[in-house]
Amino acid sequence: PQIDVLTTMAEIHCAVNYLHGVDMFAFDIETFNGQPSCISFSARPHHAYVIPFIQHFNPVWSANDELHIWTLLAKLFADPNPKKVAQNIAFDGHVLYAAMGIQINNFYFDTMHAHKLLHAELPKGLDTLTSIYTEYPYYKDNAKGHWYGDDVLWKYNALDSICTYLCARGIIQDLIE
């Protein structure tokens with residue numbers, strides 16, 4: 001996969017502008033002590049953007065820059081045009097609203113709940129969906145339970161968005177058929 005970890009304001013502006021113009025994007029949030037530590041977006045197969053907020057347990061951005069980033073993201077999530085996709089929106093939507101006051105406009109698809117409608121007998125975790133709808137190997141143990149480093153977390157976050165995007169496309173196709 002191509003994973004772009006955005007480390008400058010110019011990169012973030014460019015990525016957010018791109019996401020405003022797509023038909024659909026998947027997103028995922030990782031948290032540390034209830035606050036977003038990074039957020040990722042995927043709007044095409046095998047590619048994700050990651051915006052880190054914590055590195056080595058310290059803020060990545062100045063307070064002003066972080067506020068500006070969240071303002072850009074609030075406008076992105078408020079935009080009625082791109083369809084928003086997530087795996088278990090109850091978590092990511094709650095984090096966005098509770099931690100940042102961001103509401104999601106045009107939330108389109110929850111892969112976890114849609115998969116459960118199609119296959120009630122199967123587990124609904126992203127690991128299961130990834131094994132059905134993508135060719136990505138199992139990665140879900142790479143950043144859970146222990147601290148393996150920022151790069152590992154950011155890759156994990158990116159893979160969650162990429163796989164959610166790919167799973168959404170597959171599940172939508174299955175629902176149509």
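We count residues from 1, following the sequence as given.
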Do Leu159 and Pro1 come within less than 4.5 Å of each other through their side chains, counting heavy atoms only? yes
Over all atoms of both residues, closest heavy-atom pair of Cys163 and Thr130: CB-OG1, 3.4 Å
So Lys124 and His119, do their side chains get closer than 4.5 Å, heavy atoms only? no
Hey, any chance Tyr139 and Phe41 share a hydrophobic cluster, counting ILVMFWY side chains that come within less than 4.5 Å of each other, even indirectly? no
Pairwise side-chain contact, Asn105 with Asp79, heavy-atom cut-off 4.5 Å (strictly under): no
Side-chain H-bond candidate by donor/acceptor type, Thr164 with Gln87, under 3.5 Å: no
Note, Arg169 side chain near Pro45 side chain (heavy atom, < 4.5 Å): yes
Under a single-linkage definition using a 4.5 Å side-chain heavy-atom cutoff for Ile, Leu, Val, Met, Phe, Trp and Tyr, are Ile39 and Tyr108 assigned to the same hydrophobic cluster? no
How about Lys116: does its NZ atom have over 12 heavy atoms from other parts shown lying under 6.0 Å from it? yes
Of the non-hydrogen atoms in Leu118 and Tyr133, which two are nearest, and what is the gap between them? CD1-OH, 4.0 Å
How far apart are the closest heavy atoms of Val50 and Trp154, and which atoms are they? CG2-O, 3.6 Å
Verify the cluster assignment for Phe53 and Val5: are they in a single hydrophobic cluster under the rule of side-chain heavy atoms below 4.5 Å apart? no
Hey, quick one: are Met24 and Phe107 part of the same hydrophobic cluster, counting side-chain heavy atoms closer than 4.5 Å, chains of contacts allowed? no
Nearest non-hydrogen partners of Ile29 and Asp92, listed with the distance: N-OD1, 2.9 Å
Hey, are His46 and Tyr165 close enough side-chain-wise for a donor-acceptor pair under 3.5 Å? no
When you group the ILVMFWY residues by side-chain heavy-atom contacts below 4.5 Å and let the links chain together, are Phe25 and Ile3 in the same group? no
Between Ala48 and Ile162, the two heavy atoms sitting closest are CB-CG1, 3.7 Å
Just wondering, more than 12 heavy atoms not from Tyr18 lying within 6.0 Å of its OH? yes
Any non-hydrogen side-chain atom of Asn106 less than 4.5 Å from a side-chain atom of Pro82? no
Indicate whether the side chain of Asp4 and that of Gln2 have a donor and an acceptor atom separated by less than 3.5 Å. yes
Answer yes or no: is there a side-chain heavy-atom contact under 4.5 Å between Ile89 and Ile104? yes
Ile102 versus Trp70: any side-chain heavy-atom pair under 4.5 Å? yes
Nearest heavy atoms of Glu66 and Trp61, plus distance in Å: N-CB, 3.8 Å
Going by atom types only, do Ser42 and Ser161 share a side-chain donor-acceptor pair under 3.5 Å? no
In the structure I gave you, are the side-chain heavy atoms of Leu122 and Ile132 within less than 4.5 Å of one another anywhere? yes
